[in-house]
Amino acid sequence: MARTKAVLQPDLVLITWSRNPLVSGSARRIVSSRVIGSSQPCTASLAPGTLLVTALACLLDNDIGFKIVFRKKTSSISGYLLLQRQR
């Protein structure tokens with residue numbers, strides 16, 4: 001009988017973000033995030049209120065291996081991103 005191996009599933013990170021509408025050019029901040037799998041070592045940078053640019057710098061680091069697979073602006077001050085990492 002042949003052995004079968006479980007296929008490792010990708011890690012997914014969904015981030016919703018928004019800007020302060022009262023301050024033009026304000027930075028994008030994380031409103032919420034959801035992780036399926038693991039976001040290590042970037043978990044702390046995904047907290048609500050933190051800068052999106054900081055989280056993306058960590059997640060998109062070549063050693064971490066995440067890639068943006070979908071992004072959408074829902075208005076001029078908000079949007080979301082989906083990142084995926086193959087294990």
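Values in this document were obtained by computation on a predicted structure and should not be read as measured data. Residues take their numbers from the sequence shown, with the count starting at 1. Values below: all heavy atoms of this structure, side chains included; hydrogens, waters and symmetry mates excluded.
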- Task: Please identify each residue that fulfils side-chain hydrogen bond (donor to acceptor under 3.5 Å, both in side chains) with Arg85, with sequence neighbours left out.
- Result: Asp11
- Item | For Ser24, all residues meeting side-chain hydrogen bond (donor to acceptor under 3.5 Å, both in side chains), sequence neighbours excluded | none
- Message: To the closest 0.5 Å, what do you measure between CZ (Arg29) and CG (Asn20)?
- Response: 9.5 Å
- Query: Which pairs with one or both residues in residues 19-56 pass disulfide (SG to SG under 2.5 Å), sequence neighbours excluded?
  - Reply: Cys42-Cys58
Taking side chain as C-beta onward, heavy atoms only, is [X] less than 4.5 Å from [Y]?
| X | Y | value |
| --- | --- | --- |
| Leu60 | Leu83 | yes |
| Ser18 | Ile77 | no |
| Pro41 | Ile64 | yes |
| Leu14 | Tyr80 | yes |
| Ile68 | Leu82 | no |

- Task: Say whether, by atom type as modelled, one donor and one acceptor occur between the side chain of Arg19 and the main chain of Ser26 under 3.5 angstrom.
- Result: yes
- Task: Examine distances only and state if a side-chain atom of Arg28 and a backbone atom of Trp17 form a donor-acceptor pair shorter than 3.5 Å.
- Result: no
- Task: Please collect all side chain to side chain donor-acceptor pair (under 3.5 Å) contacts where either partner lies in residues 63-79, sequence neighbours excluded, each pair once.
- Result: Thr74-Ser78, Ser75-Ser78
- What residue pairs, at least two apart or across chains, pass side chain to side chain donor-acceptor pair (under 3.5 Å) with a residue in residues 38-56? Ser39-Thr43, Gln40-Thr43
- Query: Apart from Leu51 itself, what residues make up its hydrophobic cluster when side-chain heavy atoms of I, L, V, M, F, W and Y under 4.5 Å apart count as a link, directly or indirectly?
  - Reply: Val53
- When Phe66 is tested against each of Leu56, Leu59, Leu12 for side chain to side chain contact (heavy atoms under 4.5 Å, CB included), which residue passes? Leu59
